[in-house]
2 protein chains.
Amino acid sequence: MLGGRNIGGRKRSSRQGASVTLAEVAELAEVSEITVSRILRNKGPVAEATRKRVMAAVEATGYVPNRLAGGLASAGSGLIGVIVPSLTNIVFPEVLRGIHAALDRSGLQPVVGVTGYDMEAEEHLVEALLAWKPQAMVIAGFDHTERTRRMLQASGVRIAEVMEIDSKPIDIAVGLSHRQAGFDTGRHLIERGYRRFGYVGHDWCADRRARLRYDGLAACLAEHGLGLVDEALFEGPSSTIAGRDMLARLLARQPDIDVVVFSNDDMATGGVFHCIAASIRLKEDVAIFGFNGLDIGQALPVPLSTIRSNRFLIGRTAIERILERHERPEGATIVDTGYEIVIGGTA
Amino acid sequence: MLGGRNIGGRKRSSRQGASVTLAEVAELAEVSEITVSRILRNKGPVAEATRKRVMAAVEATGYVPNRLAGGLASAGSGLIGVIVPSLTNIVFPEVLRGIHAALDRSGLQPVVGVTGYDMEAEEHLVEALLAWKPQAMVIAGFDHTERTRRMLQASGVRIAEVMEIDSKPIDIAVGLSHRQAGFDTGRHLIERGYRRFGYVGHDWCADRRARLRYDGLAACLAEHGLGLVDEALFEGPSSTIAGRDMLARLLARQPDIDVVVFSNDDMATGGVFHCIAASIRLKEDVAIFGFNGLDIGQALPVPLSTIRSNRFLIGRTAIERILERHERPEGATIVDTGYEIVIGGTA
DNA sequence: CTGTTAGCGCCTTCAA
DNA sequence: TTGAAGGCGCTAACAG
């Protein structure tokens, strides 16, 4: 086929992969490089006959375009930088899912960095990812070093700061108001008749959004002339075990608390487990309230009362908004993806 | 400082970011481009004075290297392609964690693709990621289309197929034998005196590894002259809710089953919830056994009996092995990351 | 220790 | 409808 022309004459670098280049495909198809390039990108007019010949050559050689070269020659790299603090906490993989869903078949690929809730690490990652000349950048939260902020600002590309909307973004923020969510938690529980509030939380240094919810809750209680009876804080990341242990500790100190607000569903699930194991009746003896609306909470023997944040939606929306417009607009934008109170059976 | 030299004279393309280039830094520092390049990469000998001057220029300009250009000019892109079937199932984020951990400060970045358990989608992803000329490729499982396998093979880069080791890899496999794990599950439970086995599973089309475990279990039972009394299969992805519902259904049909093996911990956790809600005594009335060894299982009111696979280790090991050697060796390698039976309290 | 030359593989701009 | 020339930003290989 194709006359079996020998394309071996060209001097080939002996480098990685020794992959087929546009030039080789062009030679085999007996057209110029640019014609092959045009056909592969569906750009500009091409004769059907030429297209067929070229596609055959592409097939025959097993050509895979080099996007490094493509990105360098044209403007965009076709990469999206994504920075999350953790993959352990299920909420971030869910944001990633949303990002992948929105990116599907766009020809763009996410390059993911994980900070481990460390702002220094984040700074290095931003620098590293910016070196790929990404089309855009998605980053969790507003907690950046001054230099990180400068780099993002100077990059000129679109920046989505996701998860929260309680601060002013560089470009666009997508998420929910954690402070308001905390406030609404308090109001909801007060309306349901609870008065003696406890709180079980995890490390705030790492998770500033948990702190915002706490602040909102405290503000709400204060507004109603109430306050937290007691709180138990775990010095580490949130986990089911931590929630279980901390609730045990809190109830040992304050047996007459009637509702405990947890920093998130993982912790709250642990609280539910403690109650089951210790034969404490949920809601009657003590009520439990979480945050996130994870699937696991709804599968518990008694469905967890909580607030559903929309992680998938956050990821998807961030990408959608960013792709709408390639250049960064003048003012900042805030997109509120909202939240809903999930009634459940534990509060 | 630096005499405030004007670097504006150079014609600048008005393209994306209009970012600072090596040439500009070089001009400002009054050295050649290659010198700046060397300094930034710590390659070759450089006078301390020059280094200082160059670093100052880098600072002053806010230079960010362009890795597209760097990758094109040198051999490696500095990208690692990673393909997973899902981010919903927590095991894959855990593998990603291992990958990120091993990549930390290596200067390599993962580019992640998600297939949704779809081999067509996987094929597109492999093609797309290969276009970035990745240094290596990590991909979950052995289930690829013929073309996918050809592309991976032809790429010449190192390929790690992770999660399982029950088939022959293209280059290197890192994971555990799911068939053997299933077999050992059977043996362990038989040793503990269980005889009337039930099985609760999820969609096998998507999750072939669950199928392998099932086959191993069945083989073990057969070897002991036993068989599954009954099984309940959920037509969809694994989830806690599904496990809960399916166990309810199974026990309604077969009240005298004494142990139920679940396709994984998510499903098994649902099973535990069903028992708690229905006041079925775990182990006495019915025993439950999972697979994965997730944290959630160990935080349950009764810790789940299960098998711990080592997802983090799988991800980390895959990267470590791959980075050991840049060229793909002749023969295939298999790395068994093993598993342990977690005794727990449900079986 | 530093610079020169010559690409990497592709795409943009112009011309035919 | 196709092609030629030049360059994207960087680095390898050799000089000096």
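Letters A, B, ... are given to chains in the order of the sequence lines, protein chains preceding strands, and every chain is numbered from 1. Worth knowing before you read on, the calculation uses all heavy atoms, side chains too, and leaves out hydrogens, waters and symmetry mates.
Between A:E164 and A:R208 there is a salt bridge, since at least one side-chain N of the basic residue sits less than 4.0 Å from a carboxylate O of the acidic one.
For the pair B:A69 and B:I34, both in contact range of DNA chain C, the more 5′-proximal nearest nucleotide belongs to B:I34.
The side chain of B:V46 has C:dT2 as its nearest neighbour among D:dC8, C:dC11, C:dT2. With distances taken from any side-chain atom of B:A47 to the nucleotides D:dA12, C:dT2, C:dC11, the minimum falls on C:dT2. The side chain of B:S74 approaches D:dT11 more closely than any other nucleotide in the set D:dT2, C:dG3, D:dT11. Side-chain proximity of B:R41 to the nucleotides C:dG7, C:dC14, D:dA12 is greatest for D:dA12. Considering only the side chain of B:T21, D:dG9 comes nearest among D:dG7, C:dT13, D:dG9. Closest approach to the A:V31 side chain among C:dG7, D:dG3, C:dG9 is made by D:dG3 (side chain taken as heavy atoms from C-beta onward).
Comparing the axis of the opening five pairs of the helix from C:dC1-D:dG16 to C:dA16-D:dT1 with that of the closing five pairs yields an angle of 30°, rounded to 10°.
Evaluation of the side-chain hydrogen bond (donor to acceptor under 3.5 Å, both in side chains) test over residues 113-130 of chain B, restricted to residues two or more places apart or in two chains, returns B:E122-B:H144, B:E123-B:T145, B:E123-B:R147, B:E127-B:R147.
At the heavy-atom level, B:R38 lies under 4.0 Å from base atoms of the strands shown. Within 4.0 Å of A:L22, counting heavy atoms only, lie sugar-phosphate atoms of the nucleic acid but no base atom.
Under the 3.5 Å distance criterion, the side-chain polar atoms of A:R53 are matched with a main-chain donor or acceptor of A:A29.
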